[in-house]
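Inspection log for the structure reproduced underneath, given as structure tokens.
Because the structure is a prediction, the values reported are computed rather than measured.
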Amino acid sequence: MSLLCLVWTLSLLGVRGLGDPGPLEDVVIDRYYIPKVCLREVQMGDFVRYHYNGTFQDGSKFDSSYDRGATVAGVAGVGRLITGMDRGLQGMCVNERRHLIVPPHLGYGSIGVAGLIPPDTTLYFDVIMLDIWNKDDKLQITTVYKPELCNRTVENSDFVRYHYNGTLLDGTPFDSSYGKDSTYDTYVGSGWLIKGMDQGLLGMCAGEKRRIVIPPFLAYGEKGYGTVIPPQASLVFDVFLVDLHNPKDGIFLEHLEVPESCKRKAVTGDFVRYHYNGTLMDGTLFDSSYSRNHTYNTYIGKGYVIPGMDQGLQGVCIGEKRRIIIPPHLAYGETGAGDKIPGSAVLIFDVHVIDFHNPVDSVAIETVYRPTDCNVTSQNRDFVRYHYNCSLLDGTRLFSSHDYKHPQETTLGTNKIIEGLNNGLLDMCLGEKRIVIVPPHMGHGESGARGVPGSAVLRFEIELLHLEGGVPEGYLFIWHGEPPANLFEAMDLNKDGEVPPEEFSTFIQSQRAEGKGRLMPGSEPEKVITDMFENQDRNKDGKITADELKLKSDEDDAPAHEEL
């Protein structure tokens with residue numbers, strides 16, 4: 001064997017020591033550092049990587065792997081190393097340190113190595129074990145944490161986003177996604193990863209943490225990778241799976257809470273108001289309507305929101321709580337959005353539907369109670385008093401007439417109340433109770449009102465307490481039958497040819513008391529009578545003459561039973 005060859009052999013084996021302390025029968029092993037955790041020990045036939053310093057008895061160095069800047073890699077216990085080194089490595093743990101004294105007959109014997117190791121020299125080695133593996137090894141997977149809820153796991157062809165710390169078996173770090181402030185994003189089972197990682201990611205849940213130990217033949221093998229991964233190095237990856245999806249995925253729905261009663265479900269074209277929390281699959285919150293204290297309001301199925309949300313809101317009930325999981329190709333794709341939604345991110349929306357309506361909706365009326373003896377119902381221009389409770393469809397209380405001393409009152413059809421409530425009060429019997437659902441375009445619209453959110457559907461519980469027949473628009477008084485044949489003579493109580501305010505008021509009040517006519521309801525009678533008098537006092541001299549007195553029918557050809 002040439003000296004060059006012998007020196008190379010020594011480099012692979014690691015040697016140490018001039019001088020002989022005395023005849024030794026076997027290797028002397030001093031295990032001066034043993035790690036607390038030892039998952040495996042070197043056995044015959046294992047591949048090992050280690051560093052060493054080789055010295056003689058006087059401490060002078062004859063060889064060192066450190067000086068060459070490369071670890072020694074080889075198979076232990078099969079005769080490729082000097083016998084003393086083969087024996088001295090047996091049973092070592094990764095990161096264990098040993099001091100070996102190798103007698104000459106277990107080293108280079110009586111021949112030595114020309115120019116380097118004298119004959120019959122005892123050698124001293126300081127060894128640290130860095131890596132152990134075997135060609136029969138398989139991937140080692142340890143589950144560090146697994147979420148309780150796991151709807152799906154990684155399969156081949158899935159796209160995954162994960163964070164990792166990569167170390168050699170001795171703990172030396174070589175790479176980390178955390179330092180790059182970005183996940184590692186790739187397809188699984190498509191040859192984009194080393195084989196061990198392709199296998200090690202299979203079956204993972206989003207949010208799961210694993211330690212994956214990969215033998216060299218499933219990693220970078222004999223070549224290693226650059227300057228950070230030596231040849232024949234086992235790799236350890238601590239992986240945190242952020243999310244996963246498949247390009248063929250659609251949305252995934254979880255019905256968290258569905259109301260017992262669902263009279264209608266949302267469809268394309270409906271306008272929906274909902275609250276939501278938006279998170280990534282690792283639980284990171286990226287947006288919330290609750291933080292703004294305002295619902296998100298939009299049409300569905302028309303492209304105003306991301307496609308996954310357009311699909312996910314189809315078929316919801318009012319009051320429903322639903323989880324919508326949206327793959328990136330139905331969300332913000334490879335680009336992401338802003339600085340909170342990374343590219344290729346799966347999004348999770350926990351949605352609470354407050355209400356929805358359609359622009360063509362009318363008022364919905366549910367009769368809770370209707371008296372059996374009902375001959376007269378409310379109509380436009382009638383004066384009504386009623387109690388009401390007003391709330392949003394999620395039950396949020398807004399207003400109630402019970403909070404005031406008196407019931408609410410209005411004249412129907414005079415634009416005094418919102419259109420939807422006015423419609424809900426029509427055709428009611430005295431004492432009737434109803435639930436009235438008012439869409440926003442018949443309520444307070446997109447802008448809302450004080451205490452009423454924009455585009456809110458309103459729910460009224462109403463009870464009709466009082467009903468007075470009204471008068472047509474523009475009238476202050478109408479006759480129930482025909483007016484007196486000679487109206488002026490009937491009104492001129494003292495027969496002096498003129499009617500002052502007192503006589504006019506006395507006459508109208510008597511007609512009202514006798515049920516021959518009625519005043520416009522909802523106003524002070526004296527005020528209405530005063531307005532009537534002023535309408536007839538055409539020359540404004542404080543009295544009405546026969547020439548001034550005219551029926552409204554004489555003025556505008558109105559139908560019978562009209563006002564003076």
Side-chain angles (χ1 to χ4, degrees), residues 1-18 20-21 23-31 38-57 61-68 70-138 169-170 215-217 221-224 230-234:
M1 181 183 294
S2 67
L3 179 60
L4 182 59
C5 185
L6 285 173
V7 172
W8 176 245
T9 302
L10 282 171
S11 299
L12 291 177
L13 306 184
V15 196
R16 173 180 179 171
L18 248 191
D20 192 344
L24 295 174
E25 293 183 2
D26 204 347
V27 177
V28 176
I29 300 173
D30 176 14
R31 303 179 72 183
C38 182
L39 299 178
R40 72 185 288 178
E41 298 177 346
V42 176
Q43 298 179 15
M44 292 183 63
D46 282 344
F47 287 80
V48 292
R49 280 194 319 109
Y50 58 94
H51 264 308
Y52 72 90
N53 282 317
T55 62
F56 298 121
Q57 183 181 15
K61 183 165 56 176
F62 64 84
D63 195 16
S64 172
S65 61
Y66 296 98
D67 293 346
R68 294 190 300 277
T71 54
V72 177
V75 182
V78 294
R80 296 183 184 178
L81 308 174
I82 60 172
T83 304
M85 183 61 78
D86 256 346
R87 294 182 183 180
L89 296 177
Q90 294 298 308
M92 283 192 80
C93 306
V94 172
N95 284 327
E96 181 177 345
R97 295 174 181 268
R98 287 185 177 182
H99 181 66
L100 308 178
I101 303 175
V102 179
H105 66 281
L106 297 178
Y108 294 95
S110 59
I111 300 176
V113 178
L116 184 62
I117 297 176
D120 297 317
T121 301
T122 299
L123 306 177
Y124 298 80
F125 294 94
D126 281 304
V127 180
I128 178 171
M129 183 59 61
L130 303 177
D131 201 342
I132 309 167
W133 59 278
N134 193 286
K135 61 183 180 180
D136 296 325
D137 283 350
K138 294 181 171 34
L169 205 59
D170 67 339
F217 54 85
E222 297 179 359
K223 295 183 179 180
Q232 302 290 22
S234 301

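- Side-chain contact, N53 with S64: a donor N or O sits under 3.5 Å from an acceptor N or O.
- Considering only heavy atoms from C-beta on, Y52 comes within 4.5 Å of D63 through its side chain.
- Using a 4.5 Å cut-off on side-chain heavy atoms (C-beta onward), L81 and L89 make contact.
- Counting only distance, with no hydrogens or angles, the side chain of D30 and the backbone of H99 share no donor-acceptor pair below 3.5 Å.
- Looking only at distances, no side-chain donor or acceptor of Q232 sits under 3.5 Å from a matching main-chain atom of P216.
- Residue D170 holds its CG atom at 5.0 Å from CG of L130, rounded to the nearest 0.5 Å.
- Between H51 and Y66, the ring planes lie parallel to each other; the angle is under 30°, not in the 30° to 60° tilted range.
- Listed by chain and residue number, R87 satisfy the salt bridge (charged side-chain N to carboxylate O under 4.0 Å, His left out) test with D26 (two or more places apart in sequence, or in another chain).
- Distance check: T121 OG1 to I111 CD1 gives 12.5 Å after rounding to the nearest 0.5 Å.
- The side chain to side chain contact (heavy atoms under 4.5 Å, CB included) check on N134 picks up R40, D46, D136, D137, with sequence neighbours excluded.
- I82 places a side-chain heavy atom less than 4.5 Å from the side chain of Y108.
- Nearest heavy atom pair, residue V42 against residue A76, reads CG1-CB, 3.9 Å.
- Looking at residues two or more places apart in sequence or on another chain, you find a salt bridge (charged side-chain N to carboxylate O under 4.0 Å, His left out) between R31 and E96.
- The two residues D86 and R80 make their nearest non-hydrogen contact at OD2-N, 4.2 Å.
- Scanning all heavy atoms of the two residues, the minimum distance from P230 to R49 falls at CG-NH1, 3.6 Å.
- Within the 4.5 Å cutoff, no side-chain heavy atoms of M92 are placed close to those of E41.
- No side-chain heavy atom of M85 sits under 4.5 Å from any side-chain heavy atom of V27.
- Here the closest heavy-atom approach between residue Y50 and residue S65 is recorded as O-OG, 4.3 Å.
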